[in-house]
Student: 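Pasting in a structure now, in structure tokens, and then I'll have a few things to ask.
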Amino acid sequence: MNMKRIFALVDCNNFYASCERVFNPALKKRPVIVLSNNDGCIVALSAEAKELGIHLTAPYFKFKSLAERNNVAVFSSNYTLYADMSHRVMTVLASFSPEVEVYSIDESFLSLTGMKCSLYDYGCVIRETVMKWTGLPVSVGIAPTKTLAKAAAHLAKKDPSCGGVFDMTMNDRSVYLKKINVGNIWGIGKKYAEKLNSRGIYTAADFVTADDKWVRSHMPIAGLRTLMEMRGHSCMNIDDTPSPKKAIVSSRSFGQSIESLEFLRQSVSSYAARAAEKLRGENGLAGVVTVFIMADRFRDDPRYGASLSCELPEASSDTPVITRYALALLNRLYKEGYRYKKAGVMLSGISSSRDLQMNLFLGNRERGSAELMNTVDKVNRSYGSGTLFYASAGTEKPWSMRREFLSPSYTTRWEEILDVRI
DNA sequence: TCTGGGGTCCTAGGACCC
DNA sequence: TCTGGGGTCCTAGGACCC
């Protein structure tokens with residue numbers, strides 16, 4: 001049976017800022033902003049903060065005095081908290097559809113195909129349930145394609161009169177599509193928006209009437225797919241089995257610039273360990289290790305940024321093995337006389353640990369120990385990350401990131417659990 | 001003083017082969 | 001004036017997403 005497909009996108013409003021509010025009711029009416037790693041950029045803000053003119057992705061220092069003058073609550077990113085809250089939201093959503101695709105930390109697509117009840121009402125129930133069970137506000141967009149569901153959720157957020165839920169399956173869509181800038185369509189970024197604008201295409205309503213051939217010749221194939229989806233032809237399915245990662249990156253900007261090789265070695269060691277841990281969490285093995293380092297981009301100092309890769313003799317997820325290769329690469333990359341601001345380790349050529357192709361000529365030291373890694377991961381999961389670490393990652397870490405405004409890990413550490421007095 | 005981190009996919013172009 | 005034609009594979013870079 002060819003049933004008309006229906007998709008819902010459920011999107012948490014200002015997710016990180018909302019997470020901070022759940023456990024701190026004093027923030028209810030206050031403007032809230034959340035900063036990126038290193039307290040660098042603004043990555044989330046509440047509606048009140050938006051009204052002050054603060055905007056996303058701007059570096060914090062540009063709005064610091066405005067924030068201080070207006071009693072804005074400022075937070076460093078607390079990913080431990082956000083990841084746990086995300087998991088709670090996704091668990092609730094799983095009870096509303098047999099097909100759920102967790103698309104990002106704060107959004108999921110749900111299949112509502114075949115639902116007999118009012119879709120708008122169902123969206124409202126989802127919204128109320130998530131609020132009741134997690135304390136987080138969400139918006140729900142409902143439409144015949146994923147791209148239109150994203151657009152519907154965008155409208156649900158923009159227009160408070162629709163109660164956080166927007167159903168685009170019922171009416172003539174062109175009225176609503178006029179309200180959406182072409183650059184806000186999912187899949188159309190800044191560059192293509194500029195290109196489309198120069199052709200007189202400014203809104204989603206303009207876009208759906210665009211010439212197919214022109215779109216195909218000026219945008220990659222994904223552009224044409226977006227066009228079809230915006231016209232209501234579904235080209236994308238719910239993808240509820242996450243595919244294994246093709247690359248795993250661990251990188252950070254430093255809290256302060258560093259010049260010595262020794263501190264770079266410490267940082268690269270700790271990123272290699274983190275990346276290997278993530279890899280083991282995916283049951284993967286890496287075939288290739290890449291290291292990159294970068295001098296401060298925002299100073300007048302001479303610029304330097306470089307990366308090098310090498311293949312491992314045998315695919316591995318062993319921290320000492322990966323660290324050893326990463327540090328050898330770093331030695332070749334390092335040049336004296338620069339103020340380094342960022343470094344990172346990337347693991348790629350990833351295969352499943354189930355089908356390891358062994359190298360006959362490898363000694364045990366080069367192979368590492370899966371049991372040891374397993375134990376290290378277990379200890380760090382139970383007692384907090386960083387309980388066990390390799391000495392090459394250093395202990396003083398003058399380069400480690402700034403997190404001046406970190407909130408407690410309310411939901412994942414006993415000693416930081418909320419204390420409520422009545 | 002202060003400018004994030006982690007991903008995916010597509011395409012063009014070069015190297016190489018027959 | 002003239003400079004094969006296809007095919008594959010790899011990589012770098014650019015675009016997008018959150």
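Convention: sequence-line order gives letters A, B, ...; per-chain numbering from 1.
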Student: Which whole number of Å gives the distance between the C1' atom of C:dG4 and that of B:dC16?
Tutor: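 One C1' to the other, the span is 16 Å.
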Student: My understanding is that a pair needs two contacts under 3.5 Å, Watson-Crick or G-U wobble. By that rule, which nucleotide pairs with C:dA15?
Tutor: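 B:dT8 - that is the nucleotide pairing with C:dA15, both distances being under 3.5 Å.
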Student: As a test of reading the structure: which of C:dC17, B:dG7, B:dG6 is closest to the side chain of A:K245, going by heavy atoms?
Tutor: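 The closest nucleotide is B:dG7.
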Student: Any side-chain N or O of A:R402 under 4.0 Å from OP1/OP2 of B:dT1?
Tutor: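 Result: no.
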Student: Rounded to the nearest Å, what distance is computed from the CG atom of residue A:L35 to the P atom of nucleotide B:dT3?
Tutor: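 About 12 Å, once rounded to whole Å.
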Student: Please confirm whether the shortest side-chain N or O distance from A:S251 to OP1 or OP2 of B:dG6 is below 4.0 Å.
Tutor: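 Yes, because at least one side-chain N or O of A:S251 sits under 4.0 Å from OP1 or OP2 of B:dG6.
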Student: Base, sugar-phosphate alone, or nothing: which one does A:R339 contact when heavy atoms must sit under 4.0 Å apart?
Tutor: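 Contact class for A:R339: none.
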Student: Touch check for A:Q256, heavy atoms < 4.0 angstrom, all strands: base, sugar-phosphate only, or nothing?
Tutor: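 Contact class for A:Q256: none.
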Student: Find the distance A:D11:CG to C:dC18:P and express it as a whole number of Å.
Tutor: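 After rounding, the gap between these two atoms is 8 Å.
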Student: Closest to the A:K341 side chain: B:dG4, B:dT3, B:dT11?
Tutor: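 My answer, after comparing the listed nucleotides, is B:dT3.
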Student: Let me confirm one number: the CG-CG distance from A:L261 to A:N331, rounded to the nearest 0.5 Å.
Tutor: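 Answer for the CG-CG pair, A:L261 versus A:N331, is 5.5 Å.
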Student: Please report, rounded to the nearest Å, how far the P atom of C:dA15 is from the CH2 atom of A:W186.
Tutor: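 Atom CH2 in A:W186 sits about 20 Å away from atom P in C:dA15.
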Student: The side chain of A:K278 lies closest to which of these nucleotides: C:dC17, B:dG7, B:dG4?
Tutor: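 The nucleotide sitting nearest to the side chain is B:dG7.
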Student: I want to verify a distance call: between B:dT11, B:dG6, B:dT3, whose nearest atom is closest to the A:F61 side chain?
Tutor: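 Closest of the options to the side chain of A:F61: B:dT3.
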Student: Considering only B:dT3, B:dG6, C:dC18, which nucleotide approaches the side chain of A:S104 most closely?
Tutor: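 The answer is C:dC18.
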Student: Do A:H55 and A:F63 make the cut of ring centroids closer than 6.0 angstrom?
Tutor: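 Between A:F63 and A:H55, which both carry aromatic rings, the centre distance is below 6.0 Å.
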Student: Tell me: CH2 of A:W399 to P of B:dG4, nearest whole Å?
Tutor: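 One finds 17 Å between P of B:dG4 and CH2 of A:W399, rounded.
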Student: Scan A:F298 against the nucleic acid and name what it touches under 4.0 Å (heavy atoms): base, sugar-phosphate only, or nothing.
Tutor: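 If one applies the 4.0 Å heavy-atom cut-off, A:F298 turns out to touch a base.
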Student: How long is the line joining NZ of A:K246 and C1' of B:dC9, in whole Å?
Tutor: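 Rounding to the nearest Å, NZ of A:K246 and C1' of B:dC9 are 8 Å apart.
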Student: Determine the contact category for A:I42: base if any of its heavy atoms lies under 4.0 Å from a base atom, sugar-phosphate if only primed atoms, P, OP1 or OP2 are that close, otherwise nothing.
Tutor: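 Nothing, no heavy atom under 4.0 Å.
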Student: Start at the 5' end of DNA chain B and walk down; is the nucleotide closest to A:R297 or to A:P220 reached first?
Tutor: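 Closer to the 5' end of DNA chain B: A:R297.
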Student: So that I know where these two stand, are A:Y120 and A:F166 an aromatic pair - ring centroids less than 6.0 Å apart?
Tutor: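 For A:Y120 and A:F166, the ring centres are not under 6.0 Å apart.
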Student: What contact category does A:A247 fall into here, base, sugar-phosphate, or nothing, at under 4.0 angstrom with non-hydrogen atoms?
Tutor: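 Since only primed, P, OP1 and OP2 atoms lie under 4.0 Å of A:A247, the category is sugar-phosphate.
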Student: Across the strands shown, which category fits A:I105 at heavy-atom distances under 4.0 angstrom: base, sugar-phosphate, nothing?
Tutor: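 No contact at all - A:I105 keeps every heavy atom at 4.0 Å or more from the nucleic acid.
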Student: What's the NZ-C1' distance between A:K62 and B:dT1, to the nearest Å?
Tutor: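 After rounding, the gap between these two atoms is 15 Å.
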Student: So if I take every side-chain heavy atom of A:S250 and compare against B:dG6, B:dT11, C:dC18, which nucleotide ends up nearest?
Tutor: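 Of the candidates, B:dG6 comes closest.
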Student: Given atom CD1 of A:I248 and atom C1' of B:dG5, what is their separation to the nearest angstrom?
Tutor: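 My rounded result for the distance is 14 Å.
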Student: With a non-hydrogen cut-off below 4.0 angstrom, is A:I188 in contact with a base, only sugar-phosphate, or nothing?
Tutor: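 Touches sugar-phosphate only.
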Student: How is A:D106 classified with respect to the nucleic acid when contacts are heavy atoms under 4.0 Å: base, sugar-phosphate, or nothing?
Tutor: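 Sugar-phosphate contact only - A:D106 comes under 4.0 Å of backbone atoms but never of a base.
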Student: Parallel, tilted or perpendicular: which one describes the rings of A:Y334 and A:Y340, with boundaries at 30° and 60°?
Tutor: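 The arrangement is tilted - the two ring planes meet at 30° to 60°.
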Student: Give a yes/no answer on whether the side chain of A:R225 brings an N or O atom under 4.0 Å of OP1 or OP2 in B:dC10.
Tutor: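 For A:R225, the contact criterion (side-chain N or O under 4.0 Å from OP1 or OP2 of B:dC10) is not met.
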Student: So how far is it from A:L196 CG to A:M219 CE, rounded to the nearest 0.5 Å?
Tutor: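 These two atoms lie 5.0 Å from each other.
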Student: NA contact type, A:N38, heavy-atom cut-off 4.0 Å: base, sugar-phosphate, or nothing?
Tutor: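 Answer is nothing: A:N38 stays at 4.0 Å or more from every strand.
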Student: Find the distance A:Y60:OH to B:dT3:P and express it as a whole number of Å.
Tutor: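 These atoms are roughly 13 Å apart.
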Student: Can any side-chain N or O of A:R274 pair as donor or acceptor with the backbone N or O of A:S251 at less than 3.5 Å?
Tutor: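 Pair absent, no side-chain N/O of A:R274 close to backbone of A:S251.
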Student: Given C:dC17, B:dG4, B:dT11, which nucleotide is nearest the side-chain atoms of A:N37?
Tutor: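 Closest nucleotide to the A:N37 side chain: B:dG4.
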Student: Go through B:dT1, B:dT11, C:dA15 for me and flag the one nearest to the A:K64 side chain.
Tutor: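 For the A:K64 side chain, the nearest candidate turns out to be B:dT1.
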Student: Counting heavy atoms from C-beta on, name the nucleotide in B:dT3, C:dC18, B:dG5 closest to the side chain of A:K150.
Tutor: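 Of all the options, the side chain of A:K150 is nearest to C:dC18.
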Student: Would A:K341 and A:F254 count as a cation-pi pair here, with the cationic atom under 6.0 angstrom from the ring centre and within 45° of the axis?
Tutor: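 Judged by the rule (NZ or CZ under 6.0 Å from the ring centre, within 45° of its axis), A:K341 is not positioned above A:F254.
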